[in-house]
Amino acid sequence: MGAIQDKEFDQLFKDQLEHAEVSPSAGLWDHIATELEPKRKRGLPVFWMSAAAVVVIGVMVALLMPKKDPIRLQGSADEFAAASALDISTAPVDGVQKIAAPSVVGVSSAQTKDIATYESTPLIIAPRFVAQNEKKDVHRMQPNIENNRPVNKEDQFDPEKVDVNKQAVKVSESNVSDVVMANVDTDAQRYGNEIRESDVSESRGIKNVGDLVNYVVDKVDKREKKFLKFNTDDDDNSSLVAINIGFIKLNSRKHK
Amino acid sequence: MKLTLYSIDELMEGCKAGNRKMQALLYKQTASKMLAICMRYAKDRMEAEDVLQVGFIKIFQKIGEYRGDGSFEGWMRRIMVNASIESYRKTLRSLNVVPIDDAFDQPSTGFDFSRLGMQDLMRVIQKLADGYRVVFNMYAIEGYSHKEIADTLGISEGASKSQLSRARAILKQEIIKMEGIDYGSYTG
């Protein structure tokens, strides 16, 4: 065979290669399909995204929120009598009162210990109890709404609408006499060890956006250290106390 | 999965309508031909598959422009060739100096093509340096003229011609090498 002509040479390549086939790798079409029409998945991601959006908005609003009105102390004793689910009706009620641990009735021993921690705080918190008769207790715990004490309009409370399963339900606006629906989660142990000052805010009701954020975050994040945590102090001022996202872990000292 | 085979024109109509299933079927039916085109131009398989993706996306996005003049497969191939050339031109921007080879003689002894299959030729083509490879593909297989090659690649017609003949020489050398290893010395 002599030296091949250029044309023939080219033609030989063309004949063999023009209609050649080479199988592509398996996942290639998926990449193409994704490029053609990026679709967002329905379902869980939407939930997380909206929860995250609430948090983001909550953070922004909370940081920009003006100060709330100063707290008005309770003057009347009626509220305590009605509000207390415990048998302390014989004790004199005036102004701030601590609920003595020994007089607590109907509380499991696991929680009695936790109530003791409350004694060291200046706040009155209703101890959590396992509600035997939820409806009755809810009703007993309602404040006397006929009271014509000055109230913040936004804090009106409708007993009928109480969802006993909610963890934090506002009963009255006053910080001192704030008695809330106890956590009717029958698994008391779960909360037994976690009751700290940070959890106190959950039981005091949603007073501001920070608490709302906490509520949402609490539903979404079941860890001990939430990815975002606000704290409401005595003056109902909210402040961000913890951020735990991925490797970012910033917690205020008392919450560490 | 439906077993009925659609004709390429049926698939084309389905893709014009944006039917995802039709798009997937068109891909399944034509991807290996398209990839072979990309493999000829690319320096390796990875680049070839990248170009394949880009090419198909262009095909689906531009499918409205296909007016029925010429076969649909031919239209697809042109898009794939253009995507391949585009990919080559991008590599030009980043670094390349076209290698200046020592001039070397074309071998006087012949060689036997009949022993070489498609894969051998594909392999040999990939031994070419980028510039020679692209020019050889465009001229010998796609059938572009030197003028067209010059305009597309931004080189002179003379450069296109000389790159083509160098490409041929190298290919012949490589084939002889290949045959020498496989088949012992060969005399025409």
Sequence neighbours left out, cut at 3.5 Å: what donor-acceptor pairs do the side chains of residues 54-69 of chain B make with other protein atoms?
residue  : atom : partner  : partner atom : Å
Tyr66(B) : OH   : Gly70(B) : O            : 2.7
Tyr66(B) : OH   : Phe72(B) : N            : 3.2
Arg67(B) : NH1  : Gly64(B) : O            : 3.0

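Of the possible donor and acceptor atoms, none in the side chain of Gln53(B) sits under 3.5 Å from a partner among the backbone N and O of Glu35(A).
Heavy-atom distances place no part of Gln119(B) under 4.5 Å from chain A, backbone and side chain included.
With rounding to the nearest 0.5 angstrom, the CH2 atom of Trp29(A) is 9.0 Å from the CG atom of Leu25(B). Atom CG in Leu116(B) sits 8.0 Å away from atom CD in Gln16(A) (nearest 0.5 Å). Taken to the nearest 0.5 Å, the CG atom of Asp10(A) stands 8.5 Å off from the CD1 atom of Ile141(B).
Residues Met122(B) and Ala20(A) approach most closely at CE-CB, 4.5 Å, considering heavy atoms. The nearest pair of heavy atoms linking Met118(B) to Leu17(A) is O-CD2, 3.7 Å.
Evaluation of the side-chain hydrogen bond (donor to acceptor under 3.5 Å, both in side chains) rule for Gln11(A) yields Asp15(A) as partners, not counting sequence neighbours. Listed by chain and number, the residues in a ring pair (Phe, Tyr, Trp, His ring centres under 6.0 Å) with Tyr139(B) are His146(B) (sequence neighbours excluded).
Considering only heavy-atom pairs separated by less than 4.5 Å from chain A, the leading option among Ala31(B), Ala24(B), Gly18(B) is Ala24(B).
Of residues 32-52 of chain B, those residues lying under 4.5 Å from chain A by any heavy-atom pair are Ser32(B), Lys33(B), Leu35(B), Ala36(B), Met39(B), Arg40(B), Arg45(B), Glu49(B), Leu52(B).
By the 4.5 Å heavy-atom criterion applied to side chains, Arg168(B) and Phe13(A) are not counted as neighbours.
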